[in-house]
*Asks:* 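One structure, pasted below without further comment.
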Amino acid sequence: MFDLPIEIVQHIVSYLSLQDICHLGATCRHGHSLTHDDYFWEFQVRKQFGLYFTADLSKVTEALTKSSHYPLEGVAYDPTVQGNREISVIYSPEFRRIMIERKGKAKQDPFRGMKDILPRLLAFYVSSPEEQFSARLALFGPGIESTNTKLLVHKIVNARSSTFDAVEFIKGLPGGIGSGVRINYKHMYNFDLMCLYSNSESIRESVYLHRSTGRLDPELNRMLVKDSSGKLVIQPYIVKLLPTLHALVFAVDTAVDSREKVAEEVEGMRKELEVMLESQSKFHLSTPLLVLACRNESVGANYFITLQEIVEGLQLMKMKSPWGVFEVCCVNIRGAEKGLDWVLHHLAKRRRVLSFQRMHAKEKRELNYHRMQGH
C-alpha cells in the first residue's frame with residue numbers, strides 16, 4: 001500500500017479509526033512515518049471535523065482561501081497546540097470516553113496496565129481529576145441578541161443533554177452583571193457561562209433596528225460608556241469582572257441583507273470586540289477568544305458572512321492570544337461543541353502547565369532551604 005502516492009495513502013488511512021491509525025503506526029517504518037507526519041493529521045482534522053488549527057499566523061490566510069473537497073467550518077490559532085495529532089485526539093470519541101472515565105475515578109488510573117498505544121497517547125493530553133475546575137466564560141456580542149440567533153443561549157442553557165447540562169445558577173456582581181449558569185459539558189468539563197447583554201430585551205430590539213451603529217451607542221448598549229476623552233470603553237462594573245474570566249466568547253450573527261453590507265457590519269463587530277479586548281489587555285492576561293459565527297438558515301438571508309470575512313474583518317491575525325472562529329447553526333447549535341472542545345481543552349492544559357510550574361517552584365524552594373540548613 002505504501003508504494004501508492006502519498007495522497008492516496010492518506011485518503012485510505014483517513015477512513016480508519018484513531019485506534020487503528022495508532023496500530024498502523026506500529027506496523028512498519030512507513031506506517032510510523034505516516035502517522036507522525038503533521039500534514040497527515042492536518043488532512044484528518046480537515047476531513048473529519050472541517051477544522052484548521054495552526055500555531056503559525058502566516059498560514060491562516062492560505063487555509064481560508066485554499067480550495068478543498070472538505071468545507072471549512074472552523075479555524076483557530078493556538079501556539080500551545082502540539083500539532084494536528086493533538087487536535088485529532090481531543091475531538092475523537094476515544095478522548096471523550098477516557099476523560100469521562102478519568103474524571104469519575106479520582107483514585108484510579110484507567111491507563112494503568114494498558115499496553116495499547118492509543119491509551120498512552122490519550123493520557124498525554126488528559127487532565128487528571130484533581131485538575132478539573134470550572135472555567136469562567138463570558139458570552140457577549142450581537143449573536144446573542146439578534147432576532148435571528150438570540151435563541152442560541154436558550155438552547156445551550158436548556159439543552160439538558162449529555163452535551164450541555166445546566167447544573168446550577170451562578171451569582172454575578174451586584175446588579176446581576178456576570179450572573180449565569182454552571183454547565184456540565186459532555187461529563188468532561190464544568191464551565192460557568194456568563195452572558196453579558198447590552199440592555200433589556202425590549203431595548204435590544206431597538207438596538208437591532210440600527211444593527212452595528214446601534215450597538216456602539218452607550219445610550220442603547222449599557223456595557224459601554226465614554227471616557228473623559230470621548231473614547232468608548234467598557235463600563236467600570238464590567239471591568240471588575242474581566243480579571244476573573246478564563247475566556248471570552250464573542251457571538252455574531254452572520255446574516256446580512258446583501259454582500260455589499262458585509263464590510264459595514266463586520267466593522268461594527270470589530271469595534272465592539274476591540275473595546276472589550278482593550279479593557280481585557282490591561283490585566284496582561286492571555287485570554288483566549290472564541291468567536292461563534294452564528295447562522296439561522298431558516299430566516300432566508302440573502303448572504304451569510306464567511307469565516308474569511310470574519311477573521312479578516314475582526315483583524316484577528318493581529319492578536320497574540322489564542323483565538324478561534326467556528327460556524328454555529330442556531331437551530332441545533334451544531335458547531336458550538338467544536339469551539340468549546342477547543343477552548344476548554346486549552347484552558348485545562350494551561351492550568352495543568354501552571355500547576356506543574358508552581359509545584360516545580362515549590363520543590364526548588366524546598367531544595368534551596370535544605371541546602372542552606374545543611375551549611
*Asks:* Between T306 and E309, is any side-chain donor less than 3.5 angstrom from a side-chain acceptor?
*Replies:* yes
*Asks:* Tell me, please, which residues at least two apart from A301 pass side-chain contact (heavy atoms from CB on, under 4.5 Å).
*Replies:* A255, V299, F304
*Asks:* Assess the pair Y15 and H11: is the distance between their ring centroids shorter than 6.0 Å?
*Replies:* yes
*Asks:* For residues 318-341, which residue pairs qualify under salt bridge (Lys or Arg N to Asp or Glu O under 4.0 Å), counting only residues two or more places apart or in two chains?
*Replies:* E73-R334, E73-K338, K186-E337, K186-D341
*Asks:* Assess whether side chain to side chain contact (heavy atoms under 4.5 Å, CB included) is satisfied between L241 and L196, documenting all intermediate values.
*Replies:* CA-CA 11 Å; L241 180 70; L196 302 178; 4.0 Å; yes
*Asks:* Sort and list the pairs that fulfil salt bridge (Lys or Arg N to Asp or Glu O under 4.0 Å) and have at least one residue in residues 36-50, not counting sequence neighbours.
*Replies:* none
*Asks:* Look at the rings of Y185 and F191 and say which category their plane angle falls in: under 30° parallel, 30 to 60° tilted, over 60° perpendicular.
*Replies:* perpendicular
*Asks:* Quick one: list whatever passes side-chain contact (heavy atoms from CB on, under 4.5 Å) with R270, sequence neighbours left out.
*Replies:* E267, E274, L314, Q315
*Asks:* Keeping the roles fixed (side chain from H32, backbone from G25), state whether a donor-acceptor pair exists under 3.5 Å.
*Replies:* no
*Asks:* May I ask you to check whether D257 and N302 show a side-chain donor-acceptor distance below 3.5 Å?
*Replies:* no
*Asks:* Counting distance only, does the side-chain N/O of W323 pair as donor-acceptor with the main-chain N or O of L289 below 3.5 Å?
*Replies:* no
*Asks:* Is there a donor-acceptor pair under 3.5 Å between the side chain of E145 and the backbone N or O of S198?
*Replies:* yes
*Asks:* Would you please name every residue forming a side-chain contact (heavy atoms from CB on, under 4.5 Å) with P243, sequence neighbours left out?
*Replies:* F283
*Asks:* For R350 and T80, run side chain to side chain contact (heavy atoms under 4.5 Å, CB included): C-alpha distance rounded to whole Å, both residues' side-chain angles, the deciding distance at 0.1 Å, then the answer.
*Replies:* CA-CA 9 Å; R350 186 168 72 181; T80 70; over 6 Å; no
*Asks:* Identify the heavy atoms of L24 and L34 that sit nearest to each other, and give their distance.
*Replies:* CD2-CD2, 4.3 Å
*Asks:* For G143, is there any backbone N or O sitting under 3.5 Å from a side-chain donor or acceptor partner on S146?
*Replies:* no
*Asks:* If you link ILVMFWY side chains whenever their heavy atoms are less than 4.5 Å apart, which other residues fall into the same cluster as Y70? By chain and number, please.
*Replies:* F43
*Asks:* Is it the case that the side chains of N190 and N184 hold a donor-acceptor pair, with the cut-off being a distance below 3.5 Å and no angle test?
*Replies:* yes
*Asks:* Would you sort out whether L4 and I12 count as a side chain to side chain contact (heavy atoms under 4.5 Å, CB included), showing the intermediate values?
*Replies:* CA-CA 10 Å; L4 296 171; I12 294 172; 4.1 Å; yes
*Asks:* Relative to the ring of F95, is the ring of H345 parallel (under 30°), tilted (30 to 60°) or perpendicular (over 60°)?
*Replies:* perpendicular
